[in-house]
Amino acid sequence: MSQRLSLAVQSGDFAIPETGRIAVFFPREGHDLSALPLGQVEIIQPMKPDHDVWAARGYSCVPEAGTGARFEASVVFIPRAKRLARHLLAQAVAITDGPVLVDGAKTDGIDSLLKELKARTVPTAAVSKAHGKAFCIDGGLDLSDWLAEPQSVAAEFVTAPGVFSADGIDPASEQLAASLPAKLGSTVADLGAGWGYLSAQILTRAGVSELHLVEADHDALTCAQRNVGDPRAEFHWADARSWGSKASLDTVVMNPPFHSGRAAEPALGQAFIANAARLLKPSGQLWMVANRHLPYETSLAEAFVAVEEAGGDNRFKILHASRPRRGR
Ligand SMILES: C[S@@+](CC[C@H](N)C(=O)[O-])C[C@H]1O[C@@H](n2cnc3c(N)ncnc32)[C@H](O)[C@@H]1O
């Protein structure tokens, strides 16, 4: 990814404090943090796979900005979701005593954010490179009206800015929930559980004694903990491609993610399928929903003895697979 941060440091626009902590919001795997002294950096990254990459590189990492923490400087890598971008900026300026560097791609809305900020303060001249911009604003600026409150969905649920399907129930998950059989067995996992809609429906099925909600986005999982207040639910902040359960499961239910950036990435869902097969008992069942155009059938046939399309419409397909193959 671009070196806008390094350029802003070299030009003197972003002055790195000699001591004190620097908060870095939402860096992704390819971001270049080499201009920052590793020992001063605290990374705030709620997505587990990205969080683990930075932790493995030796950085101090947390999933969310702690209350009461203060920083001498901050860097905010702007996410695409506008409400979340504004929320992070409001958080960053509130906990930072020095400069806040804002970095983002044009496709993630950095230009409109800069325009909105110019109406409220005087940002430094922007470094423009690699289809994006970086500029600084002062910590302490009051952006409290950009802090996003949890949002109510369908009266009984709450969501947070930036989580999957924050504005309402996902129609694909709704179709999958309606297609689930009356009995799912005793031990079940929801891979990529999001803010918990599907899990709440799973818990209405008879006989479920244990439901594992596995979700990479810490913000979504925090919502799920509020939305699924049931003692049978266990919450795991984990990568569903590699998460392991203590004992084999009767059923996996999932609406897997199909992109991590802008482009479709069916490999993500394919890795979910492979892990679902590993997690299940020999008699285990997988129920999933996918956009109709996504190529999951080959992965399903490689991982399961029996695969059928169990419903859907012109947008989605409900897939049911049983009897995971062993020794793959
Ligand atoms: C299509 S959404 C489904 C969410 C939820 N089940 C629902 O029905 O609303 C997929 C979810 O997978 C999560 N996710 C993405 N990558 C993941 C990973 N590697 N491990 C676990 N969850 C992941 C996303 O954050 C998102 O919440």
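Order of appearance sets the numbers: ligands from 1, and atoms from 1 within every ligand. One is the number of the first residue; the rest follow in order along the sequence.
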Q. Are any of the heavy atoms in Phe258 under 4.0 Å away from ligand 1?
A. no
Q: Say whether Ala238 and ligand 1 are in contact under the criterion: heavy-atom distance to a ligand atom below 4.0 Å.
A: yes
Q: Measure across Gly244 and Leu279 and return the closest heavy-atom pair with its distance rounded to 0.1 Å.
A: CA-CD2, 3.9 Å
Q | Nearest heavy atoms of Glu72 and Gly20, plus distance in Å | A | CG-CA, 3.5 Å
**Q.** Test of proximity, Asp239 against ligand 1: N or O pairs below 3.5 Å
**A.** yes
Q: Indicate yes or no: does an N/O atom of Val214 lie under 3.5 Å from an N/O atom of ligand 1?
A: no
Q: Show your reasoning for whether side-chain hydrogen bond (donor to acceptor under 3.5 Å, both in side chains) applies to Glu156 and Asn227.
A: CA-CA 7 Å; Glu156 66 210 281; Asn227 292 331; over 6 Å; no
Q. With no hydrogens and no angle check, do the side chains of Asp313 and Gln175 hold a donor and an acceptor under 3.5 Å apart?
A. yes
Proximity of [X] to ligand 1 by residue part, where a heavy atom lies under 4.0 Å:
X: Phe272; value: side chain
X: Arg241; value: side chain
X: Ala220; value: neither

Should you measure from each heavy atom of [X], which atoms of ligand 1 turn up under 4.0 Å away?
X: Ala240; answer: 18 (C), 20 (N), 21 (C)
X: Ser173; answer: 7 (C), 8 (O), 9 (O)
X: Asp217; answer: 25 (O)
X: Ala193; answer: 5 (C), 6 (N)

Shortest protein contact, [atom] (heavy atom only):
atom: atom 27 (O) of ligand 1; result: Glu215 OE1, 2.9 Å
atom: atom 12 (O) of ligand 1; result: Gly192 CA, 3.4 Å
atom: atom 22 (N) of ligand 1; result: Ala216 N, 3.2 Å
atom: atom 10 (C) of ligand 1; result: Asn255 O, 3.4 Å
atom: atom 15 (C) of ligand 1; result: Pro257 CG, 3.4 Å

Q.
Taking the basic N atoms (NZ, or NE/NH1/NH2) and the acidic carboxylate oxygens, is any pair closer than 4.0 Å for Arg28 and Asp50?
A. no
Q. Salt bridge or not for Asp111 and Lys115, using N-O below 4.0 Å?
A. no
Q.
So if I apply the salt bridge (charged side-chain N to carboxylate O under 4.0 Å, His left out) rule between Asp108 and each of Lys133, Arg80, Lys82, which one comes out positive?
A. Arg80
Q. For the salt bridge (charged side-chain N to carboxylate O under 4.0 Å, His left out) test, which of Glu297, Glu308, Glu309 pairs with Lys317?
A. Glu297
Q. Can you say whether the rings of Trp243 and His212 are parallel (under 30°), tilted (30 to 60°) or perpendicular (over 60°)?
A. tilted
(Q) Less than 4.5 Å apart, side chain to side chain, heavy atoms only: is that true for Phe304 and Arg323? (A) no
